[in-house]
Amino acid sequence: MNVTTHSEIAEFDALSGPAGQTRGRVLQAVFWVLLIGFVLLAPTMLYPVFVMQLLCFALFACAFNLLIGFTGLLSFGHAAFFGGAAYITGHALTAWGVPPIPGILLGAAFSAALGYVVGALAIRRQGIYFAMITLALAQIVYFFALQLPFTGGENGLQGIPRGHLFGLIDLNQTLNMYYFVAAVFLVGFLIIYRIIHSPFGQVLQAIRENEPRALSLGYNTDRYKLIAFVLSATLAGVAGSTKSIVFQFASLTDAHWQMSGEVILMTLLGGLGTIFGPVVGAFIVVALQQFLSAIGSWVQVVIGATFIACVLLFRRGVVGELARWLKVGSL
Amino acid sequence: MTDIILETRDLQISFGGFLAVKNVNLKIARGTIHAIIGPNGAGKTTVFNLLTKFHAPTAGRILFNGTDITSWKPAEIANHGIVRSFQISAVFPHLTAMENVRLALQRRLGVSYHFWRSKKVLESLDQEAVARLDQVGLKDFAHLRAVELPYGRKRALEIATTLALEPELMLLDEPTQGMGTEDVGSVTDLIRKVSKGRTIIMVEHNLGVVSKLADTITVLNRGEVLAEGPYEVVSKNQAVMEAYMGVSAEEAEA
Amino acid sequence: MSQTMEQTTAAAAAPLLHIRDLHAWYGESHILHGIDLELAEGQLITLLGRNGAGRTTTLRAIMGMVDRRTGSIQIRGQEFIAKPAHRIAPLGGIGYCPEERGIFASLTVGENLMLPPAVGEGGMSLEEIFEMFPNLREVRNRMGTRLSGGEQQMLALARILRTGARLLLLDEITEGLAPVIVKAMGTAIRKLKERGYTIVLVEQNFRFAAPLADRHYIIEHGTVIDRIEAAEVGASMDRLNHYLSV
Amino acid sequence: GISNGVVKIGVLGDMSGVYSTGFSGPGAVAAVKMAVRDFGGKVLGKPIEVISADHQNKADVASSIARKWIDEDHVDMIADLTNSAVALAVQKLASDKHVITMTTGAATSALTGKACTKYGIHYGYDTHALPVGTATAIVKNGGKSWYFITADYAFGHALQNNTAQVVKALGGKVVGASDVPLGSNDFSSYLLQAQASGAQVIGLANAGQDTVNAIKQAHEFGIVQGGQQLAGMLVLISDVKSLGTNVAKGLQFTSAWYWNQDAASRKWMKEYEKFSNGAAPTFPHAADYSLTMAYLKAIKAAGTDNADAVRAELGKMKIDDFFAKGGQIRQDGLLVHDMYLLKVQQPKDGPWDVAKVVRTIPGKDAYFTLAKGGCPLVKS
Amino acid sequence: MDPMMRLILAQGMLGLNNGVFYAMLSLGLAIIFGLLNVVNFAHGALYMTGAFVALILYSYFGIWIGMSWLHIGFWPALVLAPIIVGCFGMLMERYMLRWLYGLDPIYSLLLTFGVTLVLQGLFINFFNASGTPYPGQPESLRGVVNLGFMMFPKYRLFVIVFSIVVCLAVWFVIERTRIGAMLRAGTENPELVKAFGINVPLMITLTFGFGSGLAGLAGVLAAPIYSVSPLMGADLIIIIFAVVVIGGMGSIMGAVATGIALGLIEGVTKVFYAPAANTVIFFLMVVVLLVRPAGLFGRTR
Ligand SMILES: Nc1ncnc2c1ncn2[C@@H]1O[C@H](COP(=O)(O)OP(=O)(O)OP(=O)(O)O)[C@@H](O)[C@H]1O
Ligand SMILES: Nc1ncnc2c1ncn2[C@@H]1O[C@H](COP(=O)(O)OP(=O)(O)OP(=O)(O)O)[C@@H](O)[C@H]1O
Ligand SMILES: [Mg+2]
Ligand SMILES: [Mg+2]
């Protein structure tokens, strides 16, 4: 029996002695400062809606990374959770007049449930099959998004009201909306950071690196994988819900497989299995789309080429390469 | 009558019609080291996989301390004290040696599903983890990542991790494979040391190691038990000589 | 061109196969720890040793079928250590018969037989092969794995004879065969030797190998621990028994 | 005065998808630019700038572009908005931000009905006006039972509903419908369903390439030979061209404009062909030209580009040019003007003369009345 | 005949028509997967490229070389397009995928996904996202055949027969020829095949080329039926993935049979509940996963 099945994703061979560890800590601190500083100050320098979009996708990518980077499972159907939650939140806000935060929670709950079903089915097969199955299941979700009466089919759910936070703060004010999104992002990011650095996270990493061994140590790996899947789906849902409030829109684009591909690109580009990588990756991809939109559909070519370059030349991603270059364990 | 910790009854598995293990009846006495030898492809690893539920047997039963465990899941087996090592070194390469061992200890705390807690809660285990590493001579390497350890040390780490689960029954698949001579010696000593108070089943090609360690030897050939007994008995067995060494009867007499 | 000339002259004097300090790894497992051996054109040597000693790995290392190898492998004076796996057989004129026989389950006997491409002049014709292994003629259209162990072994040998290889690496060709077939294999190997083939034989069955070999190498733990010429076998029986006994 | 010292017109259209060749696309941008040129490039002494973008037929893409145009680039008016889902989304968003939209490519009558807005103008045609000509003619000719093949989004459903109303009002009936995703490339299975339904008429509530594909495949499967009639509810002359007049023979369709309808139109057509390097215009392109002119004239008349003032001016103006005859923009934002029922013919006046005008439908018959539209703004 | 029966048969014919495309595509995918362990996401894009090559040969190539009267028609395209697409596939294997062997197969999936985006983007840029009709359908295949229960276009009938013949031919080549024997042997035990002196890397390149060529061929066949559009392969590839999960990657014939069967099922579903037709395959996939995780013809790898 072949037991060397640990995935080679994010294979670091950099040495990290004690010196590397201190350096790693310093660098992490730098990243934290940069991140929080950026989140707080960005709307003064950049178009706030653009930054909100960035943050939503960054959260989405981080949630996705929880699965691929820290559990070693490539889901090719994460758009289902992102888009699905967007629809649920949109509907709750539009039709039932639910306030924003309960709306987001509803979306997240939906994604969690959906994640449970998809995850339970998909973990029956491994590796490449896992990817194909998640893709196909996401396609079913897409079908429902297209067919169910409340989703508005190809029109999408339009004009979702942003509403008032705690009945007080008007989210139609751009800056209010912005800081709400920033808060959601930071909370989500912290949750992910905590999951990675929890006892549970340790087991996930063990499973990623050597599943049979983890199994022989008495860990019910399928259960852990499923929980990780559900967590990832839930947070992806939070990102989707928030985005639907920002743009007042839930549409098929959010649930389309190309979205699943984009989130993979963001994560890969930033660095699979790194903490800050997906944020950086999301920034690069969203900014690329934004600034390249002038050249129209060439965007897709550029995105595709980035994908190829990433896979061929720097599989560790921007942050992963940086970590290796600075010889620190993880960022 | 000896105390039997593990027993198999007519254990059998076929892969697409190919019987890799046929009618294997093992009785492992508590507190002994039991070696399984046999030519490549005899089914040794497969027997291990059956015992630890990585494969489901096509027929037969497995009894552990008298309980039928045939239908248990791999994780359950491990939780009841049967832990295995692997033919190829099985560590978590990007975790430090200490974290490797700690993963085995961690289950005891019952926090493994706690994704909302900081892993600082695990630090209470650090001391014990280091002690375990010390047992196998890896104390000084506690903070190196496993991928950075030389091969022999990885095997030692694997054994330390396995031990940390305090298994009643340890299964070691070719613990000395791919090691230099010095390492073989130290691992042999290590196994002898840790065998106190527990039962070990091991697969090993290196007969030097087997003869030094094993109380009982089972010889497998083509999925079947060919002979069983202490080293002196098995090594005189005619069938074993032929099947395993290819020395025919006349030659042995000559 | 003069260089090629030199090589050919050198080859005539040098052994056909010359291995020095061969190390090999599977992944991280360091299996061979420095193998040295040599044999001249037309000779037959055996690699003896216990299970797991590394004899199979030696042959696989020659064929480039390990994850990493270092040292030197010269065939007719040409260095092979850095050659990619698929160039080794044609360049060296080698036929390899693997331990598990390597019969392809999804191919018929005929297809299995015709699969390896020619690596040299003068390969046996189908007629010659069927003469040598009459059993194979009848089972030509059967699927590879529906053969008895003995037939599979014959097929594995036969298919490399077809290729015109002059250097044969044979791994445990008597493994698990009935005595009568072992005998037949013995006859076949003897015939091949008479025809001038050069052969490396990995064997557990010393009785089978002894009368055929010019020299025995004893391998343990990935190194050659002893080397016994055919003539010395009688005198060295004790030593041999010690190496090989359980 | 002019905000930011420039009048910015954003052409938000389908630049690469199913509607990029007939309804929108580079042809629409050209029409708007030509209008700006013809207006003199300046209004109230300030330059006029035209920017454009591709909404890829996705309402979300469109709204985020529109949002950015309005927030960041200070666009004063958004034109074209082909695709009903896009138009509905952008019209609402822009109105919330007090920016005028002048939709032309999109057809749904909801734009000036339930979903009407203060600054949203629907210019050219709508799903109510289309069947009035075509469906009436067909039902009166005996095509009483209908089966619809419908583009599965706002536009298709609106067109199907409006057509069904006309059919029922004249005593016909609808026996079934198939919803087909936008941009589908195989209509054969839907056509078979339609065939099996036994309906006399297969109504195509779709547009552009979809309509062309459906008609072509109906011919391939011998459905027309089998005795059923096809009715394209929204057909452009470019569609007729790509079908070929043989396949399209006998087809009747309703259009907001036909280039060969009068001298002014022929003249404009020539100008446009010159301006856009030989590309022939469709009626939405003509509408794009006409609406730009109207908008600029309104600014000039109002003396400012302030949305409220310009909108008021647009409501007051008589719109009467080569494109719109007897046109008037109502309170709900709808431009009411005459429509034409065309019939495919063998070309006489050059390659684009694929049809002839059979009947002119006066604006008041073609469009719904203010009261019937259901626009909430109209109450007072 | 009962009209319901008629409709079922008619939709079944269309389903068969789709099914042969599924079969041909999953066949190519299975061949590539079998030998290289690469799941080629770009397979759909290669199919699309095949269709475009046919379109370009007919409508544009002449203009490009300044001979606007030149239209390279369907029959030459049927030969040329697979060759061109096959060559592209070989370049892709040789200069990209090769660097990823030995890594987690996920990377090759991602790489081919990237290739898909690039190809789609390029064709959108040059031909826009909507379909362009392929005008080169051969005269001899125009018109309809009366099947008794429906009028069926001759061309589609040709496609069904031709594709089945191609699938059988591929099956024959793989199961009955020496080249096929090498391929099968390579799938089973590439190491040993290499040791026999067969240039396995070259064989892999050629196989990839062949699999890609099959996709290209399917593209040419599709061109006259569906209008040629940059996105024509995008949704198809996901269906093909589901086909592969249902059928398992076990056997060549398994891929073909599953493809055709699913096309038929899809077609018949249209009769009863048309909106579900696009998804029935995915539901089937779920059922198969629950009952036989390895797929209908699959062996676990
Ligand atoms: N999952 C499997 N599917 C099919 N055949 C298998 C599987 N696992 C093992 N086998 C076959 O079962 C037989 C026994 O294999 P096993 O690995 O148990 O041998 P072993 O005695 O451990 O040999 P070695 O000393 O080489 O490790 C072999 O012929 C092997 O090919
Ligand atoms: N693919 C592999 N990966 C890791 N270790 C391996 C592999 N193949 C063989 N080994 C190990 O290498 C060592 C030498 O094996 P080898 O097959 O060369 O032995 P051998 O002398 O031929 O014995 P046998 O009589 O069993 O054939 C053994 O310990 C074996 O377990
Ligand atoms: Mg083994
Ligand atoms: Mg061997």
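Letters go in sequence order (proteins before strands), and every chain restarts at 1.
- Surrounding NZ of E:K270 are more than 12 heavy atoms belonging to other residues, nucleotides or ligands, all under 6.0 Å away.
- Each of A:A136, A:A122, A:G127, A:A131 has some count of heavy-atom pairs under 4.5 Å with chain E, and the biggest count is that of A:A136.
- Contact of E:L100 with chain A is made through the side chain alone, with heavy-atom distances under 4.5 Å.
- Considering every non-hydrogen atom in both A:V311 and E:L110, the closest pair reads CG2-CB, 3.9 Å.
- Proximity to chain A involves both the backbone and the side chain of E:L290, based on heavy atoms less than 4.5 angstrom apart.
- In this structure, E:F241 CZ and A:I128 CD1 are separated by 8.0 Å, a value rounded to the nearest 0.5 Å.
- Counting heavy-atom neighbours within 6.0 Å of A:Y116 OH, excluding the residue itself, gives a total of 12 or less.
- With a threshold of 4.5 angstrom between heavy atoms, E:M285 approaches chain A through side-chain atoms but not through N, CA, C or O.
- With a 4.5 angstrom heavy-atom cutoff, E:F126 touches chain A only via side-chain atoms.
- Interface residue E:L109: only side-chain heavy atoms are found under 4.5 Å from chain A.
- Between atom CD of residue A:Q300 and atom CG of residue E:L117 there is a gap of 5.5 Å, rounded to the nearest 0.5 Å.
- Applying a 4.5 Å heavy-atom cutoff, the residues of residues 140-148 of chain A that approach chain E are A:I140, A:F143, A:F144, A:Q147.
- Using non-hydrogen atoms only and a strict 4.5 Å limit, the part of residues 261-270 of chain A facing chain E consists of A:G261, A:I264, A:L268.
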Under 3.5 Å, which donor-acceptor pairs do the side chains of residues 301-310 of chain A form with other protein atoms, sequence neighbours left out?
| residue | atom | partner | partner atom | Å |
| --- | --- | --- | --- | --- |
| A:T306 | OG1 | A:V302 | O | 2.5 |

Quiz item: Passes side-chain contact (heavy atoms from CB on, under 4.5 Å), E:L103 versus A:R315? Steps please.
Solution: CA-CA 11 Å; E:L103 293 175; A:R315 276 185 284 281; 3.2 Å; yes
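- In this structure, the side chain to side chain donor-acceptor pair (under 3.5 Å) partners of A:S75, at least two apart in sequence or on a different chain, are A:H78.
- In this structure, CG in A:L74 is found 8.5 Å from CG in E:D104, a value given to the nearest 0.5 Å.
- In this structure, the separation between CG on E:L289 and CG on A:L121 is 6.5 Å, given to the nearest 0.5 Å.
- Across A:M132 and E:V39, no two heavy atoms sit closer than the pair SD-CG1, 4.1 Å.
- Contacts with chain A were tallied for E:L97, E:V115, E:T112; E:V115 has the most, counting heavy-atom pairs under 4.5 Å.
- Classification of the A:W257-E:F41 ring pair by plane angle, with boundaries at 30° and 60°, yields tilted.
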Self-check item: Derivation and outcome, ring pair (Phe, Tyr, Trp, His ring centres under 6.0 Å), residues E:F113 and A:F76
Solution: CA-CA 11 Å; E:F113 178 71; A:F76 222 116; 5.2 Å; yes
